[in-house]
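Below is one structure, written out as structure tokens; comments come after it.
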Amino acid sequence: MKYWLLKTEPTTFSWDDLWKSPKRTTRWDGVRNFQARNYLRDDMQVGDLAFFYHSSADPTAIVGIAEVVRAGYPDESAFNPSDDHYDPKSKRDAPMWYVVDIRAKQPATKPITLAELREQKGLAHMVLLQKGSRLSVQPVSEAEWKLIYRLAFAG
DNA sequence: GCCAACGTTGGC
DNA sequence: GCCAACGTTGGC
């Protein structure tokens, strides 16, 4: 099983939105970055877990854990000319963009902020904390996962 | 609102 | 293939 971090702006789609979704499940669509696409298409598997991170928020923080409930499949929103995420370069017979389905699993006992994450020595190499890091789908190591879980989800 | 950093586009 | 210009991300 692998671990991940998914970024979202809560004004667009928040943890509460996910929690209130039917079956607490949503399609993680609209990702338009090739590296993130590769993770969605090739690496995320059913049962993988992901920290749910609020960016451009006050505060920016990890606020929950979601579980992958369907592995990568083509992003329909790329085919729809009236969708904000329409991309004419993506074809049905050669999809360019992919999604996974995720289900809310557990809210943070105490959300852990970006500033608090930066204080942790064990997280020095975490993708989220690297200078200029903008990836919206990121791998998280098992050690990073356990450390953050203990701080924000245990108890 | 500012702006640094990044990814993409397109001219050459 | 290079790289300047542009648009976007996202912390502050």
Side-chain angles (χ1 to χ4, degrees), chain A residues 2-21 26-44 48-68 71-102 104-141 143-145 147-153:
Chain A
K2 295 194 180 76
Y3 299 103
W4 306 93
L5 181 145
L6 298 174
K7 272 188 206 173
T8 177
E9 297 191 19
T11 53
T12 303
F13 191 85
S14 70
W15 173 259
D16 280 348
D17 293 331
L18 179 60
W19 195 260
K20 291 172 184 165
S21 297
T26 198
R27 174 184 295 175
W28 204 249
D29 63 7
V31 172
R32 296 292 179 267
N33 168 281
F34 287 106
Q35 194 174 350
R37 185 283 308 271
N38 292 345
Y39 288 135
L40 293 169
R41 184 189 61 185
D42 304 333
D43 297 323
M44 294 181 83
D48 285 1
L49 299 178
F51 287 135
F52 196 95
Y53 176 81
H54 280 170
S55 63
S56 297
D58 188 14
T60 55
I62 290 171
V63 295
I65 291 172
E67 179 175 7
V68 177
Y73 60 101
D75 186 344
E76 281 290 322
S77 71
F79 304 135
N80 180 358
S82 63
D83 194 288
D84 284 347
H85 298 291
Y86 176 59
D87 184 349
K89 295 192 296 299
S90 187
K91 308 294 186 188
R92 285 190 179 277
D93 60 358
M96 181 173 291
W97 304 115
Y98 281 73
V99 301
V100 298
D101 289 354
I102 62 167
K105 185 177 173 70
Q106 181 181 0
T109 312
K110 178 186 177 311
I112 184 163
T113 67
L114 181 62
E116 289 165 344
L117 291 167
R118 289 195 190 285
E119 293 170 3
Q120 300 299 318
K121 279 208 172 92
L123 300 180
H125 300 293
M126 191 177 180
V127 176
L128 181 72
L129 305 184
Q130 303 313 301
K131 183 174 180 173
S133 176
R134 293 183 357 186
L135 256 189
S136 61
V137 178
Q138 308 178 356
V140 172
S141 78
E144 290 162 351
W145 182 275
L147 196 163
I148 294 167
Y149 188 89
R150 183 153 38 80
L151 293 171
F153 293 90

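FYI, side chains are in, hydrogens and waters are out, and symmetry mates aren't considered; it's all heavy atoms of this structure. So you know, we letter chains A, B, ... as the sequences are listed, proteins then strands, and number each from 1.
- The minimum heavy-atom distance linking A:Ser21 with A:Phe13 is given by the pair OG-CZ, 4.0 Å.
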Contact list (N/O, under 3.5 angstrom) for nucleotides 1-5 of chain C vs protein:
none

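- With A:Trp97 as the partner, the ring-ring contact (aromatic ring centres under 6.0 Å, His included) test is satisfied by one option alone out of A:Tyr73, A:Tyr86, A:Phe34, A:Phe79: A:Phe34.
- Looking at A:Arg37 and A:Asp75, no side-chain N of the basic residue comes within less than 4.0 Å of a carboxylate O on the acidic one, giving no salt bridge.
- Residues A:Asp87 and A:Lys89 are paired through a salt bridge, judged by an N-O separation under 4.0 Å between the basic side chain and the carboxylate.
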Listed pairs under 3.5 Å, donor-acceptor, residues 50-65 of chain A side chains, sequence neighbours left out:
{"unit_1": "A:His54", "atom_1": "NE2", "unit_2": "A:Trp15", "atom_2": "N", "d": "3.1"}

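- With no hydrogens or angles considered, no side-chain donor-acceptor pair links A:Asn80 and A:Ser77 at under 3.5 Å.
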Base versus backbone protein contacts along nucleotides 6-12 of chain C [heavy-atom cut-off under 4.0 Å; B, S, -]: -BBBBSS
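- When A:Val31, A:Leu5, A:Leu6, A:Thr8 are each tested for a side-chain contact (heavy atoms from CB on, under 4.5 Å) with A:Ser136, only one passes: A:Val31.
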